[in-house]
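Have a look at the structure below, then the notes.
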Amino acid sequence: PRSGLDAIRMIREEFNEDIPALLITGDTAPERLQQAASADVSVLHKPVEPAILKQALDQLMHELTN
């Protein structure tokens with residue numbers, strides 16, 4: 001089975017860019033969190049409060065534009 005990290009990797013490869021990404025998951029396994037960190041992917045754990053999601057997306061957009 002493919003994961004969200006797989007999807008992020010495929011998109012980055014398709015566009016040949018280190019596109020900022022946010023992974024929203026219920027998986028808290030240490031190896032998954034390490035994989036996300038190694039891929040430079042921010043992680044939020046479900047359930048996500050709307051204000052927290054907005055803050056995380058704002059941060060990604062800030063990083064993208066700077």
Spacing of CG belonging to Leu64 relative to CD belonging to Glu17, to within rounding of 0.5 Å: 9.5 Å
From CD1 (Ile24) to CG (Leu53), nearest 0.5 Å: 5.0 Å
Worked verdict on Asp58 versus Met61 for side chain to side chain contact (heavy atoms under 4.5 Å, CB included): CA-CA 5 Å; Asp58 286 346; Met61 291 305 296; 5.6 Å; no
Qualifying residues under salt bridge (Lys or Arg N to Asp or Glu O under 4.0 Å), relative to Glu49, sequence neighbours excluded: none
Residues clustering with Ile19 (ILVMFWY side chains joined when closer than 4.5 Å, directly or via others): Ile11, Phe15
Nearest non-hydrogen partners of Gly4 and Leu23, listed with the distance: CA-CD1, 3.8 Å
Side chain to side chain contact (heavy atoms under 4.5 Å, CB included) partners for Asp6, two or more places apart: Arg2, Ser3, Arg9
Residue list, side chain to side chain contact (heavy atoms under 4.5 Å, CB included) with Gln35, at least two apart or on another chain: Leu5, Arg32
Beyond-backbone contact of Val43 with Asp27, side-chain heavy atoms, under 4.5 angstrom: no
Side-chain touch Val41/Arg12, heavy atoms, less than 4.5 angstrom: yes
By side chain to side chain donor-acceptor pair (under 3.5 Å) - contacts of Glu14 (at least two apart): none
Pairs meeting criterion side chain to side chain donor-acceptor pair (under 3.5 Å) with involvement of residues 38-48, two or more places apart: Gln34-Ser38
Criterion side chain to side chain donor-acceptor pair (under 3.5 Å) on Gln59 and Glu63, from CA distance to verdict: CA-CA 6 Å; Gln59 178 63 34; Glu63 292 171 12; 3.1 Å; yes
